[in-house]
Amino acid sequence: MSENKTITMIITRQDHPDESSYEEKFEIPYRENMNVISALMEIRRNPVNADGEPTTPVYWDMGCLEEVCGACSMVINGTPRQSCTALVDQLEQPIRLEPMTTFPVNRDLAVDRSRMFDSLKKVKGWIPIDGTHDLGPGPKMPESKRQWAYELSKCMTCGVCLEACPNVNSKSDFIGPAALSQVRLFNSHPTGEMNKSERLQTIMDAEGLMGCGNAQNCVQACPKGIPLTTSIAALNRDTAVESFKSFFGSDQRV
Amino acid sequence: MAGTRGYVNRRLHSLLGVIPIGIFLIQHLTVNFFATRGPEAFNAAAHFMESLPYRYVLETFIIFLPLLFHAIYGVYIAFTAKSNLSNFGYFRNWMFIFQRITGIITLIFIAWHVWETRIAIGFGWAELNYQLMEGILTEPFFFWFYIVGVISTTFHFSNGLWSFFVSWGITVSPRSQKIMTYASIIIFLAISYVGVRTLIQFAYGI
């Protein structure tokens with residue numbers, strides 16, 4: 001009975017970054033407990049489309065296969081999410097797979113998320129702790145703060161929040177919610193806090209924090225449940241205070 | 001330094017929408033509401049506003065310049081968004097799109113409204129009194145044009161007030177943002193009533 005069952009997939013494909021995309025339909029044999037990746041692996045094993053014509057295997061990106069690396073994000077039935085945790089039994093058929101539109105396509109479903117990593121560099125998304133000598137242990141962090149900061153640290157730079165954001169598109173340079181929330185994460189760390197003002201300055205422009213239009217899709221779409229909009233609102237407060245300090249002067253600036 | 005300019009522009013856009021434009025809107029609707037007490041009451045209130053000292057300074061710095069900046073920068077903001085309601089039909093995403101649509105409608109409405117009233121009065125083509133508005137609003141097309149325009153304006157202000165509270169970091173927690181959503185709905189209903197009630201008075205005399 002189950003041997004005759006098939007899964008229908010319609011995949012948006014693209015052979016080269018500069019070429020236009022096209023759709024290809026696949027019928028693959030059903031197995032129990034499949035996820036989208038094991039279905040794609042089945043196509044790779046036997047690259048024949050629904051018309052029975054041999055084709056090139058569909059290309060996609062993947063890493064951890066347990067929703068912590070963010071590499072396998074794609075648009076599945078209209079929703080951006082990780083293909084490793086997208087279970088075939090829970091998806092409506094035909095399953096439509098598309099690459100995320102916010103990023104340039106490398107090939108088929110694999111996109112280039114470089115802009116997200118560039119944003120992390122822009123916002124100084126790290127804590128500078130290296131010195132020429134042992135700086136000793138850092139200040140301690142209150143447990144209550146550690147708990148919410150841990151939630152922010154779950155970000156895997158998967159790109160789903162950028163895909164969901166109406167203000168991240170070809171007409172704007174908005175860096176998106178992910179990198180902004182990382183500013184809040186590193187500013188919450190007792191050692192990272194020493195560079196708080198420096199980090200806030202990096203997002204005080206139209207491409208940074210001001211690119212947000214409060215549509216709040218990001219917080220709904222985030223697979224890790226990160227409170228992205230709370231981070232953005234908190235940064236709105238921090239940068240407002242920072243503007244006053246830097247314009248009118250304070251004891252932090254001579 | 002283009003980055004800093006972008007930051008200041010956006011902050012200014014958010015601030016001006018509430019102070020002074022939002023405050024002016026409420027004042028304007030309130031003064032107009034005198035119409036419900038009859039033409040004499042409206043004329044008295046309107047003439048009081050008209051005879052305020054250094055009126056041109058007030059008009060320029062409280063109304064025209066902030067409004068121009070908010071409108072021009074707002075059009076830029078509206079057209080850098082790309083709607084994705086089909087895949088993300090969440091309440092806030094709808095509000096995001098409505099905010100941009102009502103912004104454009106409000107701009108068209110206010111441009112026409114200023115032309116027909118303040119500029120016409122300034123050039124002496126019309127006189128500021130109850131009959132001016134009665135003449136405009138007894139035409140069914142303009143009555144509905146004003147209904148759409150006024151509701152669009154009150155929506156844009158109420159929802160914009162919600163965004164203002166987020167943009168300045170006043171409502172940070174999801175709970176405070178939710179309560180502000182309810183507050184903004186109440187504000188929307190209240191000032192829409194004030195505006196629409198006045199329009200009905202001018203159009204139908206009731």
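Proteins come first, then strands; the chains are lettered A, B, ... in the order of their sequence lines, and each starts at number 1.
Looking only at heavy-atom pairs under 4.5 Å with chain A, the residue among B:Arg11, B:Gln177, B:His13 that has the most is B:Arg11. With respect to chain B, the highest number of heavy-atom pairs below 4.5 Å among A:Pro227, A:Ala164, A:Ala240, A:Ser172 belongs to A:Ala164.
Scanning residues 74-90 of chain B against chain A with a 4.5 Å heavy-atom cutoff picks out B:Phe79, B:Thr80, B:Ala81, B:Lys82, B:Asn84, B:Asn87, B:Phe88, B:Tyr90, ordered by number. Of residues 187-206 of chain B, no residue lies under 4.5 Å from chain A by any heavy-atom pair.
When heavy atoms are compared at a cutoff of 4.5 Å, A:Thr239 approaches chain B by way of both its backbone and its side chain. In this structure, the portion of B:Trp162 lying under 4.5 Å from any heavy atom of chain A is its side chain and not its backbone. In this structure, the portions of A:Asn214 lying under 4.5 Å from any heavy atom of chain B include both its backbone and its side chain. When heavy atoms are compared at a cutoff of 4.5 Å, B:Gln99 does not approach chain A at all.
Heavy atoms of other residues, nucleotides or ligands lying less than 6.0 angstrom from CH2 of A:Trp126 number more than 12. The neighbour count for A:Tyr150 OH, taken as heavy atoms of other residues, nucleotides or ligands under 6.0 Å away, does not exceed 12. By the neighbour-count criterion of 12 heavy atoms within 6.0 Å, atom NZ of A:Lys171 is densely surrounded, having more than that number from other residues, nucleotides or ligands. No more than 12 heavy-atom neighbours from other residues, nucleotides or ligands sit within 6.0 angstrom of CZ on B:Phe61. In this structure, A:Glu92 places its CD atom where only 12 or fewer heavy-atom neighbours from other residues, nucleotides or ligands lie under 6.0 Å away. Counting non-hydrogen atoms of other residues, nucleotides and ligands closer than 6.0 Å to CZ of B:Arg55 gives a total above 12. Atom CH2 of B:Trp125 has more than 12 neighbouring heavy atoms from other residues, nucleotides or ligands inside a 6.0 Å radius. Residue-environment remark: NZ (A:Lys154) exceeds the threshold of 12 foreign heavy atoms within 6.0 Å.
Panel note: side chain B:Arg10, backbone A:Met210; a donor-acceptor pair is recorded below 3.5 Å. The closest donor-acceptor contact from the side chain of A:Asn236 to the backbone of B:Val166 lies under 3.5 Å.
Between A:Thr230 and B:Pro174, the closest side-chain pair of non-hydrogen atoms falls below 4.5 Å.
Remark: B:Phe96 CZ to A:Gln216 CD distance equals 11.5 Å, nearest 0.5 Å.
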